[in-house]
Amino acid sequence: MKQFFSSRAVRRFTRNRLALVGLFFVAAVGLTALLADVIAPYNPLAMDFDALLSPPSATHPMGTDVLGRDLLSRVLYGSRYALLIGMGVVVLQMVLGGILGLVAGFAGGVVDGLIMRAVDIVWSIPGLVLALALAGALGGGIGVMIIAIAVTGWGQFTRLLRGQVLSLRELDYVTAAYALGASRTRILFRHVLPNTLGPVVVYTTLEMPAAILSSAALSFLGVGAQPPIPEWGALIADGRGLISFAWWVSTFPGLAIMITALGFNFVGDGLRDVLDPRFERRI
Amino acid sequence: MKKGIVLLVLMGLLGVVLGATAQTQRPMVTAFQEEPDFLDPHRTTRFHSLVVLSYVVEPLLDMDPSFQPVPLLARSFEWSEDKLTLVFHLKQGVLFHTGQEMTSRDVKASYERYFRLSPLENYLGPKYNGITEIQTPDPYTVIFKFATPKPLALYHIADAHASIMPADWLATMPDEEVGVKGLVGTGPYRFDRWIRGDRIVMKRFAAYNHAPDYISNPGPAHAEELVMRIIPEAATRLAEILAGNIDYTFDVPLMGYQQLVANPNLQVYMAPTYSVQYLVCNMKRELFNDRRIRLAIAHAINKEEVVKGAWFGIAFPLYGLVGPGTTGYWKGVEEIAYAYDPEKSVAYLEQAGWTAVDRDGVRMKDGKRLELTLISFSNVDQWRRAAEVVQAQLAKVGIKVNLALAEVGATYDRARAADYDLGIFRNTWWMGEPYLTFLTHSVNIGSSNFGQWKNETIDTLLDLSSNALDDVLRRDAFVVAQAIVVESAVWIPLAVNVNVVAARRDVGGLDELFSHPWQPPLMRALVLYKR
Amino acid sequence: MLVPTLIGVTAIVFSLMHVSGDPIRLLFGPNVSEEKVLEKRAELGLDKPIHVQYWNWLTRVVQGDLGLSIHVQDRVATLILARIGPTLELTILALILTVVIAIPIGIISAMRPYTIVDNVSRFVALFWVSMPYFWLGIMLMMVFGLRLRLLPISGRGGPLWTVDGLRSALLPVLTLGLPPIALFTRLTRSAMLEVINEEYIRTARSKGVHEVIVVVRHALRNALIPVVTLLGLRLPWLFGGAVITETVFAWPGMGRLLVNAVMERDYPVVQGIVLVIALLTVLANLVVDFAYTLIDPRIRYG
C-alpha cells in the first residue's frame with residue numbers, strides 16, 4: 001500500500017508521458033461509459049431503412065451501419081460493454097486464480113502440486129479454443145463470453161501469487177515472523193498481500209485490454225455478444241467485410257477499441273515501472 | 001545466431017522484390033466459402049459437397065431448365081403400364097475416369113450402395129417400398145422393379161446423390177474412403193488432388209462427350225485445370241475477387257455486391273435460388289395456439305425491410321414456403337401471403353387480450369409481458385441481421401424479442417428440443433414436394449419441422465403430392481398444401497436467396513449458364529471458358 | 001508428470017465437447033430423419049456413457065490410433081500431419097520476427113529510459129497489441145494485398161523455400177508476429193535495466209569498455225534468459241493467434257482445422273490436435289520450470 005501512494009512512485013509515474021496519455025484515454029472511456037445515455041445522439045438500436053450505410057456526415061458523425069443505426073451512439077454505448085467485459089474477466093481471474101495461488105503457495109506439498117498441475121493443464125489448451133468450446137457448451141452471450149475468457153487466463157494470477165508467496169517466504173523478515181509465531185492470516189495480510197498488490201495491479205491493468213481484444217476474437221469466430229448489443233468486438237467483426245467501401249462501419253469501433261487498449265496498456269506499462277518490486281529494489 | 005536471423009529476413013525481403021514467378025497457362029480458379037466434408041455422393045448431406053462432386057460424378061438423369069428429367073448417363077427410359085417397372089437404356093461408350101466403360105453393373109452397384117448408405121434417401125429405396133430389385137439383363141439395360149408406384153422417382157434419380165461410380169472401384173474402396181482418398185465417375189472433370197484447408201484441384205476429362213442437349217457444349221470442358229480454392233473469410237474472398245484472382249465464384253459476399261458491379265474488370269450475374277429462409281412459431285408453446293398471435297406476428301413483418309437490411313437488398317421477399325426456383329412452386333401464394341400491416345397486427349394482439357403496455361412499450365396480459373425468444377444461427381451474417389430486423393419490427397407492435405443466436409450445432413440442438421418461441425431457419429432443396437414435407441409434415445417433428453406442429457390436412461396433402469398416381473391430383477394437392485401452410489402463419493416466409501456470380505471479364509459462357517434457373521454444377525463445368 | 005497433464009487436458013476437452021452437443025445432427029443437417037441419426041450415433045459409439053467413450057478413445061490413442069474424423073471421414077493423424085507444417089511455418093517465422101524487432105526496441109528503451117526514444121519505442125511496441133488480430137490482418141491485406149498489390153492476398157503459395165511460398169507467408173507472419181512485440185519489448189527492457197546496474201557491468205563500464213560492447217556482450221546475454229523462458233510459455237497463446245490468422249488469410253493450417261472441428265463437434269479431431277498442442281506445451285513448460293529455478297535459486301519446489 002505504502003509504495004502505491006508514495007510521492008516518489010507518483011512522481012515516477014507522472015514522469016512517464018505515455019502513462020499519462022494512457023490515463024487520459026482510460027478516464028475518457030470511463031466517462032463515456034458513465035454518460036453514454038446522455039451524450040449519445042440517437043438510440044443505438046433505432047434502425048433507419050432509408051439511411052443504410054450512410055457515410056459520416058453532420059447528422060451521423062460516424063455514419064450508420066448496415067441496418068441504418070447511428071454508429072456514434074453504438075460506439076458510445078459500446079464502451080460500457082467493453083469495460084464490463086474487461087472488469088468482469090479481470091475480477092473473475094483475480095478471485096479464482098489469486099485464491100488458488102495463495103493456497104498453493106502457503107499449503108505446498110500435494111495441494112501445491114495439484115493446483116499447479118491444473119494451471120499447466122489449462123495453460124496447455126489454447127485459450128481461444130477453450131473459450132470457443134465453452135461458449136459452444138454454454139451458449140452465447142456476454143456473460144458466457146466473460147466466463148470463457150476468464151477461465152482461460154486465471155493461471156497467470158495463480159503463478160504470480162504463488163511465486164510471490166514462495167519468494168517472500170524465503171525473505172528474512174517473514175521467516176522471522178514465522179519464528180516469532182505469527183499466524184498465517186497475519187502474515188498473509190501484513191506481508192504477502194501488500195507486497196503482491198503492485199504486480200497484481202500491473203497484471204490487471206494489462207489483462208483488461210487483453211480481455212477486451214479476446215472478446216473481439218470470439219465475435220470474429222461467431223460466438224460473441226448477442227445482437228443487437230453494440231459490443232465493440234461485434235461491431236468490428238460485423239463491419240469487417242465492408243471495409244473496402246464502407247470503411248467507417250468497422251474503423252470507428254476499431255479505433256475505439258484501440259484507444260481503450262492503448263490507454264490501459266500505457267498505464268499498465270507505466271505502473272509496471274513503478275510498482276514492480278523487483279524493479280524497485282534495483283534502482 | 002543473430003546474424004543468421006538478419007540474413008533470413010533479408011532473404012525474405014529479396015524474395016518479395018523478385019516478385020511472383022511467371023506462369024504459362026493459368027487454370028480456371030473458383031472460390032468456395034466452405035470446404036466440402038467429403039465427396040461421396042451417396043453419403044454426403046452437405047450442399048457445397050454436392051456442388052463440388054457434381055463436377056466428377058453423374059446420375060442417370062439430369063433436370064433441364066423447365067424442370068423435366070432428361071437423359072444424362074441413360075439414353076432413354078420407359079415405364080411399365082402399372083408404374084412398377086422402370087427400364088433404363090444406358091448410353092454406350094460412356095467412360096469412367098479409369099478408362100472403363102460405364103455399364104449396367106456399375107448402376108446396380110451404385111444404387112445398392114446409395115440405398116445402403118445415404119442418410120437422405122427416404123423415397124426410392126426398398127425400405128420405403130420403392131425399388132426392391134435391380135435387374136441387369138445386358139450391359140446397357142437396367143430394370144428397376146418397384147414395390148409400390150413412386151411418381152416422383154425420376155426426380156430422385158436425377159438427384160446427384162444417386163450418382164454412378166464404377167463397381168470395380170467401389171469394390172476396392174472401404175465405404176468411408178470414397179470421396180476422401182479419391183473419387184471416380186463419368187463427369188467432365190476428374191478429381192486430381194485435395195489440399196485440405198486450401199484447395200481442390202481437378203483436371204479435364206478429355207473423353208467426356210455425353211452432355212445433355214440443353215448444354216451447348218457436349219464435352220469435353222473448356223478449361224484444362226480447375227482450382228477450387230477454399231476461402232472462408234468473406235472480406236478475404238471479396239478482396240481476392242476484386243484483385244482478379246478468382247475467375248468465377250458463386251460464393252460472393254453480398255455486402256460487396258455494389259462494389260463488384262461497379263468494377264469494370266468484373267461481370268456480375270444473379271438469379272434466385274431455391275434456398276429459402278423463414279420465421280417459424282413453435283406450436284408447442286401454448287401462446288401460439290391462439291392463431292391471432294401468429295397473425296399479429298405475420299402482419300408485423302416487413303419482408304422488404306428484411307431483404308434490404310439483412311441481404312443488402314440482394315434477395316427477394318418470399319411469400320410461400322416453397323421458393324420460386326423449386327419444382328411445383330405455386331405463384332398464388334403471393335396473393336394470399338399476409339401483408340405488412342402493423343395496425344392489423346396491433347388489432348389482433350388487442351383482441352387476444354394483450355392490451356396493456358408497460359413503460360418499455362412491451363404488451364402485457366394478466367401481469368405477464370409479451371416476451372419471446374428467437375433462435376437462429378450466429379455464423380452467417382444474413383441470418384443474424386434478419387433476426388435483428390425481425391426483433392426491431394416486432395418491438396414496434398409491442399412484442400419483445402430476445403435473440404439467442406448460436407453456432408449451427410447448438411441451434412439445431414435447441415430446435416430439436418423445441419426450446420424456443422420463434423426461430424429463423426433456412427432450407428435448400430430443388431424438389432418442392434419432399435422439401436415441403438421436410439418442413440411441415442408431422443413425421444419430421446423433431447428433425448426439420450421446426451413449427452413442431454401436426455396438422456392432419458397438411459400431412460394428407462403432402463402424402464398425396466408425393467405418392468398420388470394421378471398427375472393433376474398430385475399437383476393440386478401440392479398447391480393446396482402450399483396455401484394452407486402460408487395461411488396457418490406457423491411458418492412465415494421471409495426471403496429467398498439469390499445466386500450471385502462474380503466473374504472476371506475474360507470468362508465466357510455466363511449468359512448460357514444463367515439461362516438455366518439454378519445453374520447446375522454440370523453446366524458450370526461445361527459452358528464456362530476463359531477467353 | 002507429463003502423463004497426468006495430458007490425461008487432464010484431453011479429459012477436460014472431451015467433456016466440454018460432449019456438453020456442447022451431438023455431432024451427428026450437425027453432420028446430417030435438418031433433413032435427415034431422427035432414426036438415421038440414432039443409427040449413426042450407435043455406429044460411432046456415441047450412445048455409450050461418456051466415460052466409456054473417453055476410455056475407448058484413450059486405449060486407442062495408447063495404441064497409436066487417433067481415430068477417424070466424424071466430419072470429414074479421414075484419419076485424424078493424416079489430417080494433423082497435413083496441416084501442422086503450414087502452422088509451424090507461420091508460428092516459427094512469427095516468433096523470429098517478434099524477437100528480431102522486440103529485442104532491439106527493448107534495448108533502446110532500456111538505454112535511455114523515460115526519454116522520447118523510450119516513449120516512441122514503447123508506443124511502437126504497444127500499438128500492435130492494442131487491436132484485434134483479425135483487424136490487423138485484414139488491414140494488412142487491404143493495404144499490401146489489394147491496394148498496393150505487393151503481396152498475395154491470401155492462400156499458401158507453396159513451400160516456404162519457394163518465392164511464392166515466402167511471399168504468401170509474409171502478411172500472415174506479420175499479423176501473427178507484430179502483436180506479441182509489446183510483451184517481449186517490455187521484458188527485454190526491464191531485464192536490461194536490471195542487469196545494467198549489476199556490479200560486473202559497472203565494472204566493465206568503468207574499465208572503459210565501449211557502451212555497445214557492454215550491452216551486447218554482457219547485458220544482452222543475461223537479459224535474454226527471461227525472453228527465452230517466455231518463448232516457451234507462449235506457445236499455446238501463439239497458437240490461438242494462428243487460429244485467427246489462418247482464417248483471415250485462408251491458410252491451410254492446424255488452427256483452422258481445430259476451429260472447424262470445434263464448430264462441427266468433431267471430437268476425434270479436436271482431441272487429436274489438443275493432444276499434440278498439449279504435448280508441445282507441457283514439454284516447453286518443463287523446460288521453463290527448470291529454467292525458473294536456475295534464474296532464481298531461492299525458489300524450490302515442495
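All values below come from the heavy atoms of this structure, side chains included, with hydrogens, waters and symmetry mates left out. Model, not experiment: these values are computed from the prediction. Within every chain, numbering begins at 1; the chains are lettered A, B, ... in the order of the sequence lines, protein sequences first and strands thereafter.
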Of the non-hydrogen atoms in [X] and [Y], which two are nearest, and what is the gap between them?
| X | Y | value |
| --- | --- | --- |
| C:Arg265 | B:Ala410 | NH2-N, 2.9 Å |
| B:Asp37 | C:Leu27 | OD2-CD1, 4.4 Å |
| C:Val72 | B:Val180 | O-CG2, 3.6 Å |
| C:Leu26 | B:Val408 | CD1-CG1, 3.5 Å |

Donor-acceptor pair, B:Thr236 side chain versus C:Ile153 backbone, under 3.5 Å? no
Per-residue contact mode, [X] against chain C (heavy atom under 4.5 angstrom):
| X | result |
| --- | --- |
| B:Arg46 | side chain |
| B:Asp413 | side chain |
| B:Asp40 | neither |
| B:Glu407 | side chain |
| B:Asn449 | neither |

[X] side, atom [atom1]; [Y] side, atom [atom2] - distance, nearest 0.5 Å:
| X | Y | atom1 | atom2 | answer |
| --- | --- | --- | --- | --- |
| C:Trp251 | B:Ile231 | CH2 | CD1 | 13.5 Å |
| C:Lys36 | B:Asn122 | NZ | CG | 6.5 Å |
| B:Ile445 | C:Glu34 | CD1 | CD | 12.5 Å |
| C:Leu146 | B:Leu238 | CG | CG | 8.0 Å |

Within the supplied structure, the quantity of interest is the number of heavy atoms (other residues, nucleotides, ligands) at a distance under 6.0 Å from C:Arg147 CZ; does it exceed 12? no
Most heavy-atom pairs under 4.5 Å with chain B, out of C:Glu39, C:Arg149, C:Arg75, C:Met142, belong to C:Arg149
For chain B, which of C:Val37, C:Ile138, C:Val248 has the most heavy-atom pairs under 4.5 Å? C:Val248
At a heavy-atom separation under 4.5 Å, does [X] approach chain B through its side chain, its backbone, both, or neither?
| X | answer |
| --- | --- |
| C:Leu257 | neither |
| C:Glu264 | side chain |
| C:Met263 | both |
| C:Leu68 | side chain |

Apply side-chain contact (heavy atoms from CB on, under 4.5 Å) to C:Arg256 and B:Ile230, showing your working. CA-CA 12 Å; C:Arg256 238 174 78 209; B:Ile230 295 131; 3.8 Å; yes
Can you check side-chain contact (heavy atoms from CB on, under 4.5 Å) on C:Asp74 and B:Arg196, steps first, answer last? CA-CA 11 Å; C:Asp74 210 345; B:Arg196 287 227 182 251; 3.8 Å; yes
A side-chain contact here means heavy atoms from C-beta on lying under 4.5 Å apart; do C:Pro252 and B:Arg199 qualify? no
Of all of [options], which one pairs up most often with chain C through heavy atoms under 4.5 Å apart?
| options | answer |
| --- | --- |
| B:Gly446, B:Gly197, B:Pro232, B:Ser118 | B:Gly197 |
| B:Phe425, B:Tyr412, B:Phe450, B:Tyr435 | B:Tyr412 |
| B:Ser49, B:Pro36, B:Gly179, B:Ala243 | B:Ala243 |

Is there a side-chain contact (heavy atoms from CB on, under 4.5 Å) between C:His71 and B:Glu35 once you walk through the steps? CA-CA 11 Å; C:His71 175 56; B:Glu35 184 162 22; over 6 Å; no
For side-chain contact (heavy atoms from CB on, under 4.5 Å), just list the numbers for B:Arg229 and C:Ser154, CA-CA rounded to whole Å, side-chain angles, deciding distance to a tenth of an Å, and then say yes or no. CA-CA 10 Å; B:Arg229 287 192 54 195; C:Ser154 73; 2.9 Å; yes
Under the criterion side chain to side chain contact (heavy atoms under 4.5 Å, CB included), which of B:Arg43, B:Glu177, B:Lys181 is the partner of C:Gln73?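 Among the candidates, only B:Arg43 passes.
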